[in-house]
Amino acid sequence: MTSETRPDEDGAVAPPGRRRPSSDRVALRGDLRAALPDATAAVVVTALVFALLWARMESGASDTVAVMPFMDDANTYWMYLLSQAFGWSGLLWAWGTVMLGLLLSGPRTARMPVSRQVMERWHRTTSLTTMALMFAHALMFAAELVRYETKVDWAERLWVGFADTFVPGWYDSGTGRIAIPLGQGALYLAIPLGLLFYVRHRIGANTWRRLHRFVIVVYVLSVWHTLLYGTNVWYGEWPRTVLWLLQLPVAALLLLRLLRPARRAEQLVSPSEGAARPGWWVRAAGRVVAGAVVIGLLIVVMSGRDGGRDRPTHPPATAPHSQETD
């Protein structure tokens with residue numbers, strides 16, 4: 001026999017005989033409405049990035065064309081450029097929502113320019129926008145593959161475009177054999193992890209918190225996908241350095257969040273003080289890894305050894321039919 005009272009997430013108990021409201025649906029609808037200005041801004045940024053990529057291709061300064069000279073036609077490859085634009089705005093929004101999440105979950109501070117409730121809403125709405133941008137990035141890439149595969153009929157073109165974009169392990173050309181599954185992993189993790197917030201009362205707050213921590217994995221996969229496959233940061237020049245630099249505040253906030261967690265249960269209490277030994281080792285290892293990442297990022301930026309390729313003096317005149325990069 002179950003009790004008619006059930007504690008809320010903050011510990012309050014609902015009065016007997018009173019049903020709790022279905023807050024997940026209300027919150028999702030409200031956040032979708034609240035995300036409209038954020039999504040509009042994302043569309044504007046995407047349009048600006050698209051215009052920049054188009055102008056660079058028209059002027060002959062495009063790094064994408066330097067990597068794949070056969071793509072030197074913006075009118076033909078506009079869907080590919082739009083996929084790139086969605087990818088860059090998606091990565092920017094992912095950076096923003098991860099930064100907000102780390103600020104919210106880190107040590108409490110009274111110096112925030114806005115209230116905690118406003119920051120939480122921003123975190124949720126930017127997460128929704130990020131998921132939409134990631135999906136649009138993949139969808140436009142698939143559309144470009146469908147347009148590109150002119151040697152087969154429409155049914156096979158649709159299947160090839162879908163499979164190469166959304167089926168892990170299907171894309172088998174060049175660096176895409178690694179980079180495409182990384183991007184797919186980011187997309188397929190982002191959607192459920194982002195939407196779990198709206199069913200947290202069903203799965204439990206503690207379960208939701210444990211699962212939500214894997215959002216950082218989504219971000220790492222997204223950055224890794226970009227470094228491997230983004231032709232605009234293909235070479236070891238300043239755009240790639242800037243991308244590495246942007247990861248420093250993320251890693252620093254993550255380290256701070258681990259060293260000074262807001263929740264007492266996540267503090268690094270020694271086993272002699274009653275903490276479970278496996279949990280202590282996991283938390284300690286997490287802090288060591290985060291510190292190593294910060295040091296590694298500093299070394300990469302200061303040394304200039306960021307994994308970028310050397311720009312060829314004479315780019316290849318042709319390219320195989322299968323696309324090599326994103």
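Here, residue 1 is the first one in the sequence, and each next residue gets the next number.
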If hydrophobic clusters are built by linking Ile, Leu, Val, Met, Phe, Trp and Tyr wherever their side-chain heavy atoms come under 4.5 Å apart, do [X] and [Y] end up in the same one?
X	Y	result
M99	Y219	yes
L196	F214	yes
V43	V49	no
V167	L139	yes
V300	I295	no

Could you check L243 against L91 for side-chain contact (heavy atoms from CB on, under 4.5 Å), going step by step and ending with a plain yes or no?
CA-CA 10 Å; L243 181 58; L91 188 61; 3.8 Å; yes
Please tell me if the side chains of [X] and [Y] come closer than 4.5 Å, counting only heavy atoms from C-beta onward.
X	Y	value
V233	P239	yes
D164	I180	no
V217	L189	yes
N75	W54	yes

More than 12 heavy atoms of other groups within 6.0 Å of W224 CH2:
no
Other residues, nucleotides, ligands: >12 heavy atoms within 6.0 Å of D310 CG:
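Counting neighbours around CG of D310, 12 or fewer heavy atoms of other residues, nucleotides or ligands fall under 6.0 Å, so no.
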Is the side chain of [X] donor-acceptor paired with the backbone N or O of [Y] at a distance under 3.5 Å, no angle test?
X	Y	result
R157	V146	yes
H137	F86	no
R240	Y235	no
H225	L182	no
W234	V67	no
W244	D306	yes
D153	E156	yes

Which value, rounded to the nearest 0.5 Å, describes the distance between [X] atom [atom1] and [Y] atom [atom2]?
X	Y	atom1	atom2	value
L100	M119	CG	CE	5.0 Å
L104	R257	CG	CZ	11.0 Å
E144	T165	CD	OG1	10.5 Å
D63	R56	CG	CZ	5.5 Å
L133	T126	CG	OG1	10.5 Å
T129	L92	OG1	CG	11.5 Å

Intermediate values then yes/no, side-chain contact (heavy atoms from CB on, under 4.5 Å), L81 and Q84:
CA-CA 5 Å; L81 294 180; Q84 286 186 320; 3.6 Å; yes
List the steps and the verdict of side chain to side chain donor-acceptor pair (under 3.5 Å) for T130 and T97.
CA-CA 8 Å; T130 300; T97 196; 5.3 Å; no
Test side chain to side chain contact (heavy atoms under 4.5 Å, CB included), reference V218, set L193, V98, L187, V223, output is L193
So, W208 versus F197, ring centres under 6.0 angstrom or not?
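Here the rings of F197 and W208 have centres that are less than 6.0 Å from each other.
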Validation row, ring centre W159 to ring centre W154 under 6.0 Å:
no
Return the minimal non-hydrogen interatomic distance between [X] and [Y], and the atom names on each side.
X	Y	result
A142	G161	CB-O, 3.6 Å
A42	S89	O-CB, 4.4 Å
L228	A179	CB-CB, 3.9 Å
S222	M134	OG-CE, 4.2 Å
P249	W95	CG-CZ2, 4.0 Å
V293	A251	CG1-CB, 4.0 Å

Please determine whether side-chain contact (heavy atoms from CB on, under 4.5 Å) holds for the pair L298 and L248, giving the CA-CA distance in whole Å, both sets of side-chain angles, and the decisive distance to 0.1 Å.
CA-CA 8 Å; L298 288 171; L248 269 172; 3.9 Å; yes
Think R147 forms a cation-pi with Y77, using NZ or CZ under 6.0 Å from the six-ring centre and within 45 degrees of its axis?
yes
Are any of the side-chain nitrogens in D172 or R177 under 4.0 Å away from the carboxylate oxygens of its partner?
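Salt bridge flag = no for R177 with D172.
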Students often mix this up, so state it plainly: with edges at 30° and 60°, are the rings of F141 and Y80 parallel, tilted or perpendicular?
tilted
Ring-plane angle category for Y171 and Y229, please: parallel below 30°, perpendicular beyond 60°, tilted otherwise.
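Judged by the thresholds at 30° and 60°, the geometry between Y171 and Y229 is perpendicular.
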Using side chain to side chain donor-acceptor pair (under 3.5 Å), reason through D38 and W122 one step at a time and then give a plain yes or no.
CA-CA 9 Å; D38 184 71; W122 287 352; over 6 Å; no
Evaluation steps, side-chain contact (heavy atoms from CB on, under 4.5 Å), between L128 and R124
CA-CA 6 Å; L128 293 172; R124 298 197 305 270; 5.7 Å; no
Connecting only ILVMFWY residues whose side-chain heavy atoms lie within less than 4.5 Å of each other, what is the rest of L48's hydrophobic cluster?
V44
